[in-house]
Amino acid sequence: ATPAAPEAPAAAPAEPVAATSAAATADVQEAPAGESVAETSASSLSPIAAAVAQNAPAAAAGTPIPSKWQAGKHYTTLTPAQPTSVGPDKVEVVEVFWYGCGHCFHLDPMLESWKAKNKPAYAEFTRVPVMWNDVTKAHARLFYTLEALGKLEQLHTPVFREIHVKGNTLADRDPAKTEQIHREFLKQHGVSEADFNRTYRSFSVENKLARADQLTKRYRVTGVPLMVVNGKYTTDVGMAGGEPAMLTLLNDLAASERRR
């Protein structure tokens with residue numbers, strides 16, 4: 001498989017695509033703004049999700065956003081603001097990503113460094129896999145399987161490298177073959193077949209996939225990687241003006257949402 005070039009965010013198709021294990025990433029169209037898909041309507045929310053939306057974060061009393069950052073240019077304000085999954089003393093920072101995205105692969109070590117060295121203590125970082133089509137959903141299932149097995153920290157980077165360095169897309173047109181590919185990959189990394197089978201289609205994984213699907217719609221994700229700050233602001237590398245600028249912007253947006 002040929003990984004997407006890190007210089008320009010990649011685009012996902014408006015319609016779901018099926019990918020062979022030799023060319024899953026090739027089904028994605030490149031676009032200047034990121035791995036993108038035709039905008040998804042947020043109107044198809046479940047009644048439960050719609051009710052949760054009423055609990056979106058209240059107005060914060062944090063530090064004003066520096067004037068060098070302009071709404072509509074460097075970041076977008078989500079309307080309505082979306083609910084978060086953190087405590088009242090925390091600010092949620094979400095990366096919406098896809099394992100098959102070359103730009104997500106390129107950004108990942110920078111995010112890891114930011115998490116370790118520059119992320120504010122009050123900011124809580126999490127990842128949400130995008131749910132556009134069969135391929136992205138297969139990779140999302142792998143992500144949540146790793147999380148449920150307690151292997152995410154250990155194997156998150158190896159999954160990226162398996163796809164973008166070794167050329168194994170970890171996906172196939174046949175869902176059964178995709179599952180077997182994932183089983184074999186995790187077996188190589190010390191996960192027993194019994195643990196894999198118990199987890200891969202578990203209630204917990206299914207619930208998290210459903211939530212990721214809702215968030216893909218709620219955040220109106222048309223490109224990845226996409227950063228979402230406290231359910232209120234979205235930005236990406238292109239909007240911010242590069243990776244270092246985006247990380248600074250994340251801190252400034254998080255500071256503006258911090259409750260005193």
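This chain uses plain numbering: 1 for the first residue, then up along the sequence. Excluded from the calculations below are hydrogen atoms, water molecules and symmetry mates; all remaining heavy atoms, backbone and side chain alike, are included.
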**Request:** With salt bridge (charged side-chain N to carboxylate O under 4.0 Å, His left out) as the test, would you mind laying out the steps for R127 and E95 before giving the verdict?
**Result:** CA-CA 5 Å; R127 291 181 174 91; E95 181 203 15; 3.2 Å; yes

**Request:** Please test W114 against V93 for side-chain contact (heavy atoms from CB on, under 4.5 Å), starting from the C-alpha separation and ending with a verdict.
**Result:** CA-CA 12 Å; W114 170 77; V93 179; 4.0 Å; yes

**Side chain proximity check, V96 to L215, heavy atoms < 4.5 angstrom** = no

**Message:** For a quick check under 3.5 Å, do Q180 and R183 share a side-chain donor-acceptor pair by atom type?
**Reply:** yes

**Prompt:** In this structure, are over 12 heavy atoms from other groups packed under 6.0 Å from E153 atom CD?
**Reply:** no

**Request:** Would you give the length of the straight line joining atom NE2 of H182 to atom OG1 of T145, rounded to the nearest 0.5 angstrom?
**Result:** 8.5 Å

**Request:** Could you check whether the rings of F160 and F105 sit parallel, tilted or perpendicular, using 30° and 60° as the cut-offs?
**Result:** tilted

**Message:** side-chain contact (heavy atoms from CB on, under 4.5 Å), that's the test. Do L249 and M227 meet it? Break it down for me.
**Reply:** CA-CA 10 Å; L249 174 57; M227 308 304 299; over 6 Å; no

**Fill in**
Output for pair (N133 CG, T136 OG1), nearest 0.5 Å, gives 4.0 Å

**Complete:** In short, P88 meets R259 closest at the heavy-atom pair O-CD, 3.4 Å

**Asked** Are Y99 and H156 an aromatic pair by the rule of ring centers under 6.0 Å?
**Response** yes

**salt bridge (Lys or Arg N to Asp or Glu O under 4.0 Å) partners for E184, two or more places apart** = none

**Prompt:** Minimum heavy-atom separation for R211 to S85, with atom names?
**Reply:** NH2-OG, 2.7 Å

**Prompt:** How about N230 and E92: does a side-chain donor come under 3.5 Å of a side-chain acceptor?
**Reply:** no

**Asked** With distance as the sole test, does T216 use its side chain to make a donor-acceptor pair with the main-chain N or O of M131 at under 3.5 Å?
**Response** yes

**Prompt:** Does D236 use its side chain to pair, donor to acceptor, with the backbone of G223 at less than 3.5 Å?
**Reply:** no

**Asked** What about F97 and F143, are their ring centers closer than 6.0 Å?
**Response** yes

**Request:** Answer yes or no: is there a side-chain heavy-atom contact under 4.5 Å between R141 and V205?
**Result:** yes

**Rounded distance (nearest 0.5 Å) linking atom OG of S256 with atom OH of Y233** = 4.5 Å

**Asked** Would V228 end up clustered with V86 when hydrophobic side chains under 4.5 Å apart are linked, directly or stepwise?
**Response** no

**Prompt:** Is there side-chain contact between L149 and L186, with heavy atoms separated by less than 4.5 Å?
**Reply:** yes

**Request:** Report the distance from atom OG1 of T169 to atom NE2 of H139, rounding to the nearest 0.5 Å.
**Result:** 6.0 Å

**Message:** Could you walk me through whether L247 and L111 satisfy the side-chain contact (heavy atoms from CB on, under 4.5 Å) test, starting with their C-alpha distance in whole Å, then the side-chain angles of each, then the deciding distance to 0.1 Å, before giving a yes or no?
**Reply:** CA-CA 8 Å; L247 297 177; L111 283 177; 3.9 Å; yes

**Fill in**
Rounding to 0.5 Å, atoms CG (L155) and CD (Q188) come to a distance of 11.0 Å

**Asked** Linking I/L/V/M/F/W/Y whenever their side-chain heavy atoms sit closer than 4.5 Å, directly or via other members, would L226 and L78 fall into one cluster?
**Response** yes

**Prompt:** Taking everything shown except K115 itself, do over 12 heavy atoms lie less than 6.0 Å from its NZ?
**Reply:** yes

**Any W132 side-chain heavy atom under 4.5 Å of V224 side chain** = yes

**Request:** For P225 and C101, work out which heavy atoms get closest and say how close.
**Result:** CD-SG, 4.1 Å

**Request:** Assess whether atom CZ of R201 is packed by more than 12 heavy atoms of other residues, nucleotides or ligands within 6.0 Å.
**Result:** yes

**Validation row: Q82, R218 side chains within 4.5 angstrom (heavy atoms)** = yes

**Request:** Just do the salt bridge (charged side-chain N to carboxylate O under 4.0 Å, His left out) check on K232 and E257 with the steps written out, would you?
**Result:** CA-CA 9 Å; K232 185 174 180 181; E257 288 293 293; 3.3 Å; yes

**Message:** In this structure, would M239 and M110 fall into the same cluster of hydrophobic residues linked by side-chain contacts under 4.5 Å?
**Reply:** no

**Complete:** Correct closest heavy-atom pair for F196 and E179 would be CZ-O, 3.6 Å

**Asked** So, does S202 use its side chain to make a donor-acceptor pair with the main chain of T199 at under 3.5 Å?
**Response** yes

**Message:** Nearest 0.5 angstrom please: K187 NZ to S192 OG, how far?
**Reply:** 10.0 Å

**Request:** Taking all heavy atoms of A212 and all of P129, pick out the closest pair and write down the distance.
**Result:** CB-O, 3.7 Å

**Request:** Taking all non-hydrogen atoms of both residues into account, name the closest pair between A255 and Y122 and its distance.
**Result:** CA-OH, 3.3 Å

**Message:** With a 4.5 Å cut-off on side-chain heavy-atom distances among I, L, V, M, F, W and Y, is there a chain of contacts connecting V94 to L146?
**Reply:** yes

**Message:** Tell me whether R198 is salt-bridged to D195, with the criterion being a basic N under 4.0 Å from an acidic carboxylate O.
**Reply:** yes

**Prompt:** Quick one: are E124 and V91 in side-chain contact, heavy atoms under 4.5 Å?
**Reply:** no

**Message:** Between R220 and T234, is there a side-chain donor-acceptor contact under 3.5 Å, judged purely by atom types and distance?
**Reply:** no

**Within-4.5 Å side-chain heavy-atom neighbours: T235 and W69** = no

**Request:** Would you please test L152 and Y144 for side-chain contact (heavy atoms from CB on, under 4.5 Å) and show each step?
**Result:** CA-CA 8 Å; L152 189 56; Y144 286 124; over 6 Å; no

**Asked** Heavy-atom distance under 4.5 Å between the side chains of E162 and L170, does that happen here?
**Response** yes

